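Notes follow the structure.
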Amino acid sequence: IFPPELRFAFLKFFNRIFHLFSSYCYFDITEIDGVNTNELYNAVQLYLSSSVSIAGNRLSLTRAVNSSSITFGLSNNDSIVDTFNNVTVLWEHVVTQRQTQTFAWRPLPEEKRGFTLCIKKRDKALILSSYLDYIMERANEIRRKNQDRLLYTNSRGGSLDSRGHPWESVPFKHPSTFETLAMDPVKKQQIMDDLKDFAEGQMFYQKTGRAWKRGYLLYGPPGTGKSSMIAAMANHLGYDIYDLELTEVHSNSELRKLLMKTSSKSIIVIEDIDCSINLTNRKKNSNATTQRSYYDMETRLGTGSGEESGNGGNTITLSGLLNFTDGLWSCCGSERIFVFTTNHIDKLDPALLRSGRMDMHIHMSYCDFPSLKILLKNYLGYEEEDVDDDVLKEMERVVEKAEMTPADVSEALIKNRRDKDRAVRELLEDVKSRGDGNVKDGNVKDGKLRGQSGNLTELEILEEEEKRAIDSQNEEEDSDEEEIEVEDNICKD
Ligand SMILES: Nc1ncnc2c1ncn2[C@@H]1O[C@H](COP(=O)(O)OP(=O)(O)OP(=O)(O)O)[C@@H](O)[C@H]1O
Ligand SMILES: [Mg+2]
């Protein structure tokens with residue numbers, strides 16, 4: 001009988017009156033806030049999942065693909081009571097069908113989900129000041145404890161999913177830890193201490209006016225454990241990993257968007273940075289080196305000298321990357337670690353290496369004696385006293401000269417892991433033959449060239465040559481002794 005406008009006005013008026021006299025107030029926490037995913041929604045969901053499992057009568061159970069744990073959740077339009085500081089609150093999970101959309105610049109999920117928090121008006125101040133913070137903290141804790149950390153990739157390119165995320169995620173379950181990582185224990189301890197200081201350093205960063213982030217550059221030959229180190233870092237700190245594939249990023253602004261969508265307490269990784277983007281000065285480098293780079297980015301990437309070049313801004317440049325790690329944008333969110341890895345540190349632009357940019361440069365080197373002992377323990381369960389003294393001494397003598405990577409050693413050990421004595425014997429032979437071979441050859445630096453297989457491809461040989469050039473350059477400063485040794489051998493020969 002009444003026209004709809006009148007009915008609507010009446011309802012609104014009635015609602016107002018009702019709320020005026022009601023002693024309750026309500027807060028809506030929707031899953032999608034405008035276009036962004038609402039972090040609070042996810043936090044509340046996680047927070048409630050820990051209590052609904054005990055209290056709820058009707059629960060929704062979910063188990064994400066590859067996840068190890070089952071998550072409890074409130075069923076649609078169900079509610080639960082929670083108490084905080086002796087204040088009782090009511091949570092309701094509200095799910096409604098979304099009206100068919102006329103036009104949306106990206107598809108939204110069909111259901112509109114949200115939580116409604118109902119509290120007494122007199123408790124409002126208390127709740128708003130600390131309850132929500134408490135929920136965020138608890139949710140983070142639960143997430144870390146569940147061990148369901150995530151590995152994100154941007155393999156979709158710049159496109160967004162229905163929840164507005166450019167990142168795709170899978171549960172991260174890499175078993176590498178600092179314990180299993182074979183490297184010099186002193187160096188390992190330094191890195192662990194550094195990570196600890198970082199994770200606990202909120203006050204320090206605030207006091208010194210620095211953004212709460214830290215950069216590590218891992219460099220060294222393939223198979224020396226750079227990726228394993230990143231996994232160990234993530235496992236140690238309980239952080240998520242964002243594996244940024246630069247070849248999928250088309251412009252600096254896309255890079256910025258990706259960064260904005262990373263959460264805090266995360267490690268942002270760019271692997272093989274020398275291969276995925278040309279970060280050195282193009283002009284200087286436009287010879288053989290660039291011809292054999294893995295991806296020919298010449299047409300797509302900028303000059304790397306700072307400005308975006310002329311192809312419609314469709315480039316990602318060194319300055320873009322530096323802004324990403326270092327500039328104003330890098331501190332949206334906090335507690336972030338950037339890790340770059342490379343096999344060729346000399347190919348990187350000095351701007352990326354200057355002090356203060358990457359806080360720590362970590363050299364992952366060939367297997368040395370302490371690392372070898374760790375691998376023996378990991379793979380065979382051998383402590384030092386389980387191995388014959390003479391064998392150990394012999395290994396100690398030759399292992400560094402052999403220039404085997406931890407990956408080479410692991411492989412040798414895995415091959416014979418059912419027969420431990422044989423594994424040790426064969427490893428010793430392998431190490432000795434390589435080590436003594438290296439001493440004879442003197443100036444041939446990399447074990448792989450003389451290694452098991454003589455059939456390296458042309459690309460690999462080019463790479464090896466390049467690596468040797470780099471190695472000799474790197475070692476100019478720090479290994480005068482070795483050079484003398486090599487020269488001695490040449491003289492003997
Ligand atoms: N330092 C190490 N400690 C323990 N295991 C190692 C170590 N280095 C290599 N490995 C073993 O070798 C394999 C390859 O190592 P990883 O992928 O970490 O090397 P990388 O340095 O990242 O190589 P690339 O430069 O080719 O990416 C790993 O699966 C791991 O088992
Ligand atoms: Mg790697």
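We count ligands from 1, going down the list as the structure has it; atoms in each ligand are counted the same way. Since this is a predicted model, take the numbers as computed values, not measurements.
In terms of protein heavy-atom proximity, atom 31 (O) of ligand 1 is nearest to Y379 OH, 3.8 Å. Of the protein's non-hydrogen atoms, A182 N, 2.7 Å is the one closest to atom 3 (N) of ligand 1. At the shortest separation from atom 6 (C) of ligand 1 among protein heavy atoms lies P406 CB, 3.9 Å. Shortest contact from atom 14 (C) of ligand 1 to any protein heavy atom: A407 CB, 4.2 Å. In terms of protein heavy-atom proximity, atom 16 (P) of ligand 1 is nearest to S228 OG, 3.7 Å.
Under a 4.0 Å criterion applied to the non-hydrogen atoms of N343, ligand 1 contributes the atoms 25 (O). Residue contact check: G223 has heavy atoms under 4.0 Å from atoms 8 (N), 9 (C), 19 (O), 20 (P), 21 (O), 23 (O), 24 (P), 26 (O) of ligand 1. For ligand 1 and T180, the ligand atoms under 4.0 Å from any heavy atom of the residue are 3 (N), 4 (C). Ligand-side atoms of ligand 1 in range of P222: 23 (O), 24 (P), 25 (O), 26 (O), range being under 4.0 angstrom from any heavy atom. Ligand 1 places these atoms under 4.0 Å from at least one heavy atom of L181: 3 (N). Listed by number with element, the atoms of ligand 1 under 4.0 Å from a non-hydrogen atom of S227 are 17 (O), 18 (O), 20 (P), 22 (O), 27 (O).
A salt bridge links E426 with R422; the closest basic N to acidic carboxylate O contact falls under 4.0 Å. With respect to the salt-bridge test (charged N to carboxylate O, under 4.0 angstrom), the residues R138 and E141 qualify. By the 4.0 Å N-to-carboxylate-O rule, R434 lies close enough to D430 to be salt-bridged with it. Comment: R397 engages E394 in a salt bridge, judged by a side-chain N to carboxylate O separation of less than 4.0 angstrom.
Side-chain contact, Q189 with D193: a donor N or O sits under 3.5 Å from an acceptor N or O. Side-chain contact, Y239 with E335: a donor N or O sits under 3.5 Å from an acceptor N or O.
Relative ring orientation between F178 and H236 is described as perpendicular, the plane-to-plane angle rising above 60° on a 0-90° scale split at 30° and 60°. The aromatic rings of Y219 and H363 sit parallel to each other, their planes meeting at less than 30°, with 60° as the upper class boundary.
Side-chain atoms of Y216 and I230, non-hydrogen and from C-beta on, never get closer than 4.5 Å to each other.
For the side chain to side chain donor-acceptor pair (under 3.5 Å) with K226, the qualifying choice from N343, D272, T342, T341 is N343, the only one to do so.
Among the atoms of T341, no N, O or S atom is found under 2.8 Å from the Mg ion (ligand 2).
Remark: ligand 1 and T224 share an N or O pair separated by less than 3.5 Å (distance only, no angle test). Ligand 1 has an N or O atom lying under 3.5 Å from an N or O atom of G225, backbone or side chain.
Using a 4.0 Å threshold on non-hydrogen atoms, atom 29 (O) of ligand 1 does not count as touching the protein.
The heavy atom nearest to atom 21 (O) of ligand 1, out of those in E271, K226, M364, K188, is found in K226.
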